[in-house]
Amino acid sequence: MRSAVLLLSLLLTAAPFGLLGEETRQVSLKVISDWLDPSQNLLHIQAVGATSTLHYVWSSLGPPAVLLVATNTPNSTLSVNWSLLISSEPEGGLMVLPKESIQFSSALVFTRLFEFDSTNTSDAAAKPPGKSYPPYSLADFSWDNITDSLDPATLSATFRGHPIHDPTGAFASGSLAFRVQAFSRSGRPAQPPRLLHTADTCQLEVDLVGASPRGNHSLFGLEVATLGHGPDCPSVQEQHFIDDEYAPAVFQLDQLLWGSLPSGFMQWRPVAFSQKQGGRESAMPCQASPLYPTLAYLLPQSPIVRAFFGSQNNFCAFNLTFGASTGPGYWDKHYLSWSMLLGVGTPPVDALSSLVLGIVAVALGAPALMLLAGGVFLLLGHKRYSEYQPIN
C-alpha cells in the first residue's frame with residue numbers, strides 16, 4: 001500500500017501545469033488605426049506584469065502576421081509611424097520602446113493557403129497529399145475592418161477575408177478567418193482541442209468556411225513562415241500523453257520553440273475539425289512538415305515584420321496540412337477549423353486529469369487491498385483454527 005501511494009505521488013509531481021512567470025497580468029486588447037485611413041489598422045494585445053510586458057501585434061497588412069515581443073519592464077510601449085509602415089520601405093515604422101528592454105522578439109507570417117485534390121491518393125503520408133492547385137496568396141486577400149469584430153468582453157477580434165481576385169468564384173459565399181483571443185487568467189476553451197492557456201498567451205483559431213473546393217476531395221493546407229535565430233530554424237517537439245480528456249483520441253501536443261527556454265513558443269494539437277461543434281466524429285489529422293530555411297523574397301512580405309526587424313533576416317517555413325483522403329474532410333460541411341496557442345516563456349503543460357488519476361489509483365491500490373484482505377483472512381482463519389480443542 002505504501003509503495004502504491006508513493007508511486008501515485010510521483011505521478012502527481014511529474015505532471016505540473018507549467019504556468020509561466022508572473023501570477024497576474026493586466027491584459028488589454030485594442031485596435032490601432034491610421035487616422036488618415038481607418039481601414040489600415042493593427043490589433044495590439046498587451047499583457048503587463050509587475051516586472052515585464054508582453055506585446056502581440058497582429059496585422060492583415062500584406063499577409064496575416066503577428067509579432068511577439070517580451071520586455072523586462074512594465075512600462076514598455078508600442079510606437080507606430082503609419083507613414084513609414086505603409087510605405088515601400090517600412091523599416092522603423094513599428095517599434096517597442098525602450099529598445100534596450102526587449103528580451104525576446106520574433107514573428108509568424110501566414111503566407112499561403114494550399115489546396116490539394118486527394119481523390120486518387122491512398123497514402124495518407126504522401127507529400128504532397130494529392131494534386132496541387134495554384135495556392136492562394138494571403139497577401140492578395142481583402143480583409144474586413146478588424147474594428148467591427150472587436151469584443152473587449154472576450155478579449156477577441158477576427159480578421160475575415162477573401163481573395164481580391166477570384167475568377168472562379170470559389171469564395172463568393174466563403175471566407176478565411178483568423179480569430180485572435182487573449183486571456184486574463186489560465187483556463188481552457190469550451191471547444192476542442194481545449195489548449196491550456198495563461199495570461200502570457202494568446203490563441204489563434206483559423207476557420208475556412210463556405211469556400212467552394214476545386215476538387216471533389218480537396219485537402220487544404222497553410223504555409224507558415226517565421227524568423228530563424230541565427231543560421232538555424234526553430235525546433236519542433238512532440239509530446240505524447242496517456243490522457244485524451246481535453247481532445248478525444250488525440251494523445252499528442254506539438255510545439256515550435258524559438259531557441260532555449262524561456263523564449264517564444266507556438267503550441268498546437270495535430271488535429272483539425274470539419275464541423276463547428278468539434279468532436280471525435282469530425283476530427284481530422286493535422287500534419288506538419290519539417291521547418292526548412294527559405295529566402296525572404298520567395299515569401300509574401302509582411303510590412304510589420306520588415307518595419308520591426310528590417311529587411312535582412314533569415315526565414316524558415318513549414319506547411320500544415322489538414323485532413324486525409326479518407327475519413328472526415330472539408331467536403332462534409334465546407335468547414336475547417338484549426339487552433340494554436342502563441343506565447344512567451346515556458347509552454348503550459350497538461351496535468352493528468354482526475355479520471356486518469358482515479359484509474360491509476362485504482363490500478364495501484366487494488367493489488368495492495370487484495371494483499372491486505374488476504375492477510376486478514378489468513379490471520380482470522382489461523383485464529384479460529386488455534387481455538388479448536390480436539391476431543392480425545
Between Phe178 and Trp143, how do the two ring planes meet: parallel, tilted or perpendicular, split at 30° and 60°? perpendicular

Keeping [X] on the side-chain end and [Y] on the backbone end, is there a donor-acceptor pair under 3.5 Å?
| X | Y | result |
| --- | --- | --- |
| Thr294 | Cys316 | no |
| Ser263 | Trp258 | yes |
| Ser101 | Pro98 | yes |
| Arg188 | Arg194 | yes |
| Gln267 | Gly343 | no |

What pairs meet the salt bridge (Lys or Arg N to Asp or Glu O under 4.0 Å) rule with one or both residues in [range], with sequence neighbours excluded?
| range | answer |
| --- | --- |
| residues 307-327 | none |
| residues 222-241 | Arg112-Glu223 |
| residues 159-180 | none |
| residues 74-91 | Glu89-Arg306, Glu91-Arg306 |

Apply side chain to side chain donor-acceptor pair (under 3.5 Å) to [X] and list each qualifying residue two or more places apart in sequence or on a separate chain.
| X | result |
| --- | --- |
| Thr73 | none |
| Ser39 | Asp37 |
| Asn81 | Ser83 |
| Arg214 | Glu115 |

Residue pairs, two or more places apart or on separate chains, that pass side chain to side chain donor-acceptor pair (under 3.5 Å) and touch residues 330-343: Asp207-Ser337

Within-4.5 Å side-chain heavy-atom neighbours: [X] and [Y]:
| X | Y | answer |
| --- | --- | --- |
| Cys202 | Leu155 | no |
| Leu291 | Thr226 | yes |
| Leu68 | Phe265 | no |
| Thr321 | Phe114 | no |
| Arg269 | Pro192 | no |
| Ser282 | Lys276 | no |

Closest non-hydrogen atom pair between Ala70 and Val344, with its separation: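 Shortest heavy-atom separation between Ala70 and Val344 comes out as CB-CG1, 3.7 Å.
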
Nearest heavy atoms of Cys286 and Leu320, plus distance in Å: SG-CD2, 4.0 Å

Could you list all the ring pair (Phe, Tyr, Trp, His ring centres under 6.0 Å) pairs where at least one residue sits in residues 52-71, not counting sequence neighbours?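 Matches after skipping sequence neighbours: His44-His55.
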
Are [X] and [Y] connected in the hydrophobic side-chain network, where two residues link if heavy atoms are under 4.5 Å apart?
| X | Y | value |
| --- | --- | --- |
| Leu208 | Val180 | yes |
| Tyr136 | Val224 | yes |
| Phe116 | Met284 | no |
| Phe318 | Val66 | yes |
| Leu138 | Leu219 | no |

Spacing of Gln287 atom CD and Asp254 atom CG [to the nearest 0.5 Å]: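 That separation rounds to 11.0 Å.
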
d(Leu253 CG, His240 NE2) to nearest 0.5 Å is 10.0 Å

Apply the side chain to side chain contact (heavy atoms under 4.5 Å, CB included) test between Leu342 and each candidate in Leu204, Leu108, Leu256, Asp200; give the one that qualifies. Leu108

Across all chains, not counting sequence neighbours, the salt bridge (charged side-chain N to carboxylate O under 4.0 Å, His left out) partners of Glu100 are none

Which other residues belong to the hydrophobic cluster containing Ile304, where Ile, Leu, Val, Met, Phe, Trp and Tyr are joined when side-chain heavy atoms lie under 4.5 Å apart, directly or via other members?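 So far as hydrophobic clustering goes, Ile304 is joined with Ile32, Leu42, Val57, Leu61, Leu67, Val69, Leu78, Val80, Trp82, Leu85, Ile86, Leu94, Val96, Ile102, Val109, Leu227, Leu299, Val305, Phe308, Phe309, Phe315.
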
CG/Asn216: more than 12 non-hydrogen atoms of other groups inside 6.0 Å: no

